[in-house]
Amino acid sequence: MRSTVGWQAGHTGTPLRRTSLERRELRTDDVAVRVDYCGVCHSDLHAIRTHTGEAPLVPGHEFTGVVTDIGHNVTRFAIGDQVAVGNIVDSCGVCAMCRAGQENFCHEVPTLTYNGADRHDGTTTLGAYSREYVVRDEFTYPLPAGLDPAAAAPLLCAGVTVWEPLRALGVGPGTRVAVAGLGGLGHLAVKLAVALGADTTVISRSAGKAGDGRRLGAHDLIASTDQRRMAAARDRFDVVIDTIAVPHDVAPYLGLVALDGTLSHLGHLGTVTVRATDLLVGRKKLSSAGSGGRPATAAMLEFCAQHNVTADIELLPSARVNEALDRLERNDVRYRFVLDMSDLPRNR
């Protein structure tokens, strides 16, 4: 086993603690990555706050770093390469979804970067709030030159989560896009929609975010509390990307969707109640998406490098991880925390 150091969750409500971790010895198709930067995702917070302690929990599933070792059969990477890894580290590889390049929808359930089950030995995967990660080379991506590795880390989860529906729904020049919610997902949805050439509007509870919206490239902001403006925007948008992370009524956002348009519901993964008439009038569609397959992730990284798209981040040393989680719970971040893992030794 390989020894490293990381931040592990205890029982519900207790702070993460620094501890020694064991990584597997490299298999023939593995790479070892020195984790330099790891984003803090809202799903990390949920996993930590609901953790019962029955299995080890080390969060972190959007990270960048440098290859430090490779398995015997690895040809795609060399020691010293800058790489990125997202929230999926393996899949069955043979089901219809995997063959279509949608490993995120693997029929046998993809192996998650943390709190998943390793497909070979059944052990619980431990995430990238640590100094080293061992991962299959097929689920490791070259980090394009020019992308800041710290600001690029959130692209591997938040970025690809909004990229997939934008591309699947054909967003491009002439498309009218609204992004509901201007957080970790939403701000990247705005940047990517703008870079794709769409006429992009932010929907936010606060009109005070208009300046932020403009800085991100949005052409307009509508306050969701402004009933006059919401009514005036009825049937206006071809695509509405809903990134709101808490339970909410989707009817007002469906009202913004144009004839034959789509509301893509990404932020809250709980139950959604929809009146059929809200879909019927205008032949509107309600869809969702989660993460991305390998082809989409690679394409997203190349697109971001070409268009200089990265996350707006606040970079903190990993020793301040509990502060980052507390502030994230209060929505006190614009727009993504990233942990600098260089304050951890690679080996215990």
Side-chain angles (χ1 to χ4, degrees), residues 102 104-105 158-205 207 209-210 213-214 216-293 296 299-300 303 307 309:
Q102 295 286 175
N104 50 322
F105 304 138
V160 74
T161 295
V162 296
W163 170 260
E164 276 231 329
L166 288 170
R167 297 306 287 150
L169 296 171
V171 169
T175 308
R176 299 163 300 171
V177 173
V179 177
L182 200 59
L185 282 175
H187 90 288
L188 282 171
V190 170
K191 287 189 174 188
L192 287 167
V194 169
L196 286 164
D199 186 318
T200 306
T201 296
V202 173
I203 312 295
S204 174
R205 287 176 300 176
K209 286 192 174 180
R214 284 192 297 271
L216 295 169
H219 305 96
D220 194 9
L221 181 139
I222 298 173
S224 58
T225 53
D226 186 336
Q227 296 303 312
R228 181 187 61 80
R229 289 214 64 198
M230 289 288 283
R234 178 181 173 180
D235 302 335
R236 174 174 159 188
F237 300 102
D238 304 301
V239 174
V240 176
I241 302 292
D242 181 352
T243 70
I244 300 167
V246 297
H248 60 282
D249 183 9
V250 299
Y253 303 101
L254 274 171
L256 303 176
V257 175
L259 177 69
D260 290 322
T262 301
L263 171 65
S264 185
H265 189 72
L266 305 180
H268 174 61
L269 300 182
T271 301
V272 176
T273 301
V274 180
R275 291 187 297 271
T277 51
D278 287 339
L279 298 172
L280 181 153
V281 179
R283 293 194 300 262
K284 299 176 182 182
K285 295 176 281 291
L286 175 65
S287 73
S288 190
S291 185
M300 179 270 305
F303 180 88
H307 295 270
V309 174

* Asked: H265 side chain to H268 main-chain N or O, any donor-acceptor pair under 3.5 Å?
  -> yes
* Would you mind telling me which of V250, D278, I241, V239 makes a side-chain contact (heavy atoms from CB on, under 4.5 Å) with L263? => V250
* Donor-acceptor under 3.5 Å (R229 side chain, L221 main chain) -> yes
* Asked: Within the distance-only criterion (no hydrogens, no angle test), does the side chain of K284 pair as donor or acceptor with the backbone N or O of A258 below 3.5 angstrom?
  -> no
* Return the set of residues passing side-chain hydrogen bond (donor to acceptor under 3.5 Å, both in side chains) with N104 (not counting sequence neighbours), or none when no residue passes. => Q102
* Asked: Is a donor on one side and an acceptor on the other found under 3.5 Å between the side chain of D242 and the backbone of I244?
  -> yes
* **Atom pair CD (E164) and CG (L192), whose distance is rounded to the nearest 0.5 Å** => 12.5 Å
* Do the side chain of T277 and the main chain of R275 share a donor and acceptor less than 3.5 angstrom apart? -> no
* Asked: Is the backbone of I203 close enough, under 3.5 Å, to the side chain of S224 for a donor and an acceptor to pair up by distance?
  -> no
* Asked: Would you find a donor on one side and an acceptor on the other, under 3.5 Å apart, between the side chain of D238 and the backbone of R176?
  -> yes
* Return yes if some donor-acceptor pair links the side-chain N/O of T243 with the main-chain N/O of G181 below 3.5 Å, else return no. => yes
* For the residue pair H248 and Y253, categorise the inter-ring angle as parallel (less than 30°), tilted (30 to 60°) or perpendicular (more than 60°). => perpendicular
* Residues in side-chain hydrogen bond (donor to acceptor under 3.5 Å, both in side chains) contact with D226, at least two apart in sequence or another chain -> none
* To do: Tell me, please, which residues at least two apart from D199 pass side-chain hydrogen bond (donor to acceptor under 3.5 Å, both in side chains).
  => none
